[in-house]
*Asks:* 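Sending over a structure as structure tokens; questions will come in a sec.
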There are 2 protein chains.
Amino acid sequence: MSNPRSAKTKKRTRIQQENELKILNSALEVFSQHGFRGSTVDQIAEMSDMSKPNLLYYFNSKEAIIRILIDQLLDKWLDPLRKINPDGEPLSEIQSYMRRKLEMSRDFPRESRLFANEILQGAPRVQDELRDLKKLVDEKAQVITSWIRAGKLAKCDPYHLIFSIWATTQHYADFDVQVKAVLGPKLSGPGRFEDAARFLDHLYINGLKP
Amino acid sequence: MSNPRSAKTKKRTRIQQENELKILNSALEVFSQHGFRGSTVDQIAEMSDMSKPNLLYYFNSKEAIIRILIDQLLDKWLDPLRKINPDGEPLSEIQSYMRRKLEMSRDFPRESRLFANEILQGAPRVQDELRDLKKLVDEKAQVITSWIRAGKLAKCDPYHLIFSIWATTQHYADFDVQVKAVLGPKLSGPGRFEDAARFLDHLYINGLKP
DNA sequence: TGTAATATTTACCAGACGGTAAAAAAATGC
DNA sequence: GCATTTTTTTACCGTCTGGTAAATATTACA
């Protein structure tokens, strides 16, 4: 068999497990920074302390690697949205969702940037995933609408509400260099996520009116 | 002289002006969709109805083209922020700024995506510009702080306020495919920018509290 | 209309890229 | 310790890419 991953259910050896993990980790690093076409297999191989042919022994192609990364990503990415509880207190559900998304930007910035790269470049590889995404968002938009009807939330477009939460939270991962450049060395510590959370809490609940 | 652009102040011929414009326009299209390394000179040349050597007669290198695009971009990009008037009515100044940024996303999505690509990939070419950006943001953050002190605005972090406006507005350009996929064909018309503006107006002024 | 300057084409090149074949080396199981 | 499987290395290949040299065609202007 040419490739260990193509074996259907055969148990993986220790070396396989280690190397596949190492490769995927390097690939995430490289792809998230340079995008797919901007990355080279050699870069990923070098970061994995491996020769290019050796890497291609574990994964058939560059394309195969990013496919796996994307599949792993989307599930994790949608989890915070799934966790929104229709029976919870609306304002605090929104708030928790925002916080969960912000934590993802803090803890998984590479995943965020990989996804951003894909979308930015026209999402050629995530068409199916976008369909799933729409389904889930439609569902949650209905929940939000029901909250508004019940008078628990200000009247607003639920889709754009969700967009704004995505945008504001992912910004801290995707535009990290810009955020750091603007905040300067003093304010760029890990505390910036706390500051962001505090600001967004206030914005989403009370707005800017004094 | 090998290249018409390298001539210091010599007046440009009609053909030069036309072709340079055509090339820069194609380059913006290509770079904004594929990023720098993901784009090829041939792509840009083809889109300009030109051979690659002919294109390189007008611009010395691929790098030179993106440099010019970036220089043109930043100025335009910071304009809405510059226009914030310290003597205006705070809430409506914020609102106008948000609207101006949203209009830029609507009218110049390629510029937005080009910039996003640069930042996402570590901003290797925009270090100087980020310094200018910081200066301007520091200045406007002070204005916002003075508004808060005067009791004209809710107490909040001015930097994160600016970040949130950038994020929410640029989202509609940078993540356009995702926005369209989620909204579906019916809601994806040009009217989505009006819907977004309405939502953001309400969010930034009143928040979500019913 | 002739001529100098500008613009375009043709034919390349050297290096990087994704990927393969096959042999050598290392690990595994008996 | 030996045979089998797994892993790694070496040596490639065809294609694409950014860029160049030089010849040709076109334009502008006196």
Side-chain angles (χ1 to χ4, degrees), chain A residues 1-24 26-27 29-31 33-69 121 124-125, chain B residues 1-24 26-31 33-70 121 124-125:
Chain A
M1 204 127 299
S2 69
N3 180 305
R5 259 201 179 252
S6 61
K8 296 199 172 166
T9 17
K10 249 191 186 167
K11 61 171 184 281
R12 301 223 177 82
T13 67
R14 175 185 52 86
I15 296 179
Q16 268 170 46
Q17 286 177 19
E18 286 173 11
N19 282 347
E20 284 175 7
L21 216 72
K22 201 156 62 170
I23 291 168
L24 287 175
S26 304
E29 187 76 31
V30 174
F31 283 142
Q33 194 162 27
H34 305 291
F36 181 72
R37 291 192 57 183
S39 305
T40 72
V41 178
D42 270 313
Q43 272 178 293
I44 303 170
E46 189 181 9
M47 191 173 288
S48 310
D49 298 307
M50 216 176 278
S51 67
K52 182 170 61 174
N54 196 12
L55 184 150
L56 288 166
Y57 166 72
Y58 290 101
F59 297 92
N60 287 318
S61 68
K62 189 183 170 186
E63 184 79 30
I65 301 175
I66 203 173
R67 280 246 63 94
I68 292 172
L69 286 176
Q121 313 199 350
R125 269 173 291 269
Chain B
M1 203 129 297
S2 69
N3 180 306
R5 260 203 179 252
S6 61
K8 296 199 173 165
T9 16
K10 251 193 187 163
K11 62 170 181 281
R12 302 223 176 83
T13 67
R14 176 186 53 86
I15 297 179
Q16 267 169 48
Q17 285 177 18
E18 286 174 10
N19 282 347
E20 286 175 5
L21 216 73
K22 200 156 64 168
I23 291 169
L24 287 175
S26 304
L28 179 58
E29 186 76 31
V30 174
F31 283 143
Q33 193 161 28
H34 305 292
F36 181 72
R37 292 192 54 184
S39 304
T40 72
V41 178
D42 269 313
Q43 274 178 293
I44 302 170
E46 190 182 7
M47 191 172 289
S48 310
D49 299 308
M50 215 175 276
S51 66
K52 182 170 60 173
N54 196 13
L55 183 150
L56 288 166
Y57 166 71
Y58 290 102
F59 297 93
N60 287 318
S61 68
K62 189 182 171 187
E63 184 79 29
I65 301 175
I66 203 171
R67 279 247 64 94
I68 292 173
L69 286 175
I70 289 174
Q121 312 199 350
R125 272 173 288 271

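Here is how names work: the chains are called A, B, and so on, in the same order as the sequence lines, proteins then strands, and each is numbered from 1.
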*Asks:* Can you figure out which of C:dA27, D:dG19, C:dT10 approaches the side chain of A:Arg14 most closely?
*Replies:* C:dA27
*Asks:* Side chain of A:Asn19, heavy atoms from C-beta onward: which of C:dT8, D:dG18, D:dT8 has the nearest atom to it?
*Replies:* D:dT8
*Asks:* For the side chain of B:Lys62, counting heavy atoms from C-beta on, which of D:dT7, D:dG19, C:dG18 is nearest?
*Replies:* D:dG19
*Asks:* What is the separation between atom CD1 on A:Ile44 and atom C1' on C:dA16, rounded to the nearest whole Å?
*Replies:* 15 Å
*Asks:* Quick one: is A:Tyr57 getting a side-chain N or O under 4.0 Å of the C:dT20 phosphate, OP1 or OP2?
*Replies:* no
*Asks:* For D:dG18, does OP1 or OP2 lie under 4.0 Å from any side-chain N or O of B:Ser61?
*Replies:* no
*Asks:* With the side chain of A:Tyr58 defined as its heavy atoms from C-beta on, choose the nearest nucleotide among D:dG19, D:dT7, C:dT20.
*Replies:* D:dT7
*Asks:* Going from NZ on B:Lys52 to CD1 on B:Ile44, what distance comes out if it is rounded to the nearest 0.5 angstrom?
*Replies:* 11.5 Å
*Asks:* When you check the phosphate oxygens OP1 and OP2 of D:dT6, does a side-chain N or O of A:Gln16 lie under 4.0 Å from one of them?
*Replies:* no
*Asks:* Send over the distance from B:Ile23 CD1 to C:dT8 C1', rounded to a whole Å.
*Replies:* 12 Å
*Asks:* Taking the side chain from A:Lys22 and the backbone from A:Asp49, do they hold a donor-acceptor pair closer than 3.5 Å?
*Replies:* no
*Asks:* Is a donor-acceptor pair below 3.5 Å formed from side chain B:Lys52 to base D:dG18, judging by atom type as modelled?
*Replies:* yes
*Asks:* Given C:dC17, D:dT9, C:dT8, which nucleotide is nearest the side-chain atoms of A:Thr40?
*Replies:* C:dC17
*Asks:* Can you check the B:Ile66 CD1 to D:dG18 C1' distance for me, whole Å?
*Replies:* 15 Å
*Asks:* Phosphate oxygens OP1/OP2 of D:dT8: is one of them under 4.0 Å from a side-chain N or O of A:Ser51?
*Replies:* no
*Asks:* Rounded to the nearest angstrom, tell me the gap between atom CG in A:Asp42 and atom C1' in C:dT20.
*Replies:* 14 Å
*Asks:* Do any side-chain nitrogens or oxygens of A:Arg37 fall under 4.0 Å of OP1 or OP2 in D:dT17?
*Replies:* yes
*Asks:* Can you tell which of D:dG18, C:dA27, D:dA11 lies closest to the side chain of A:Pro53?
*Replies:* D:dA11
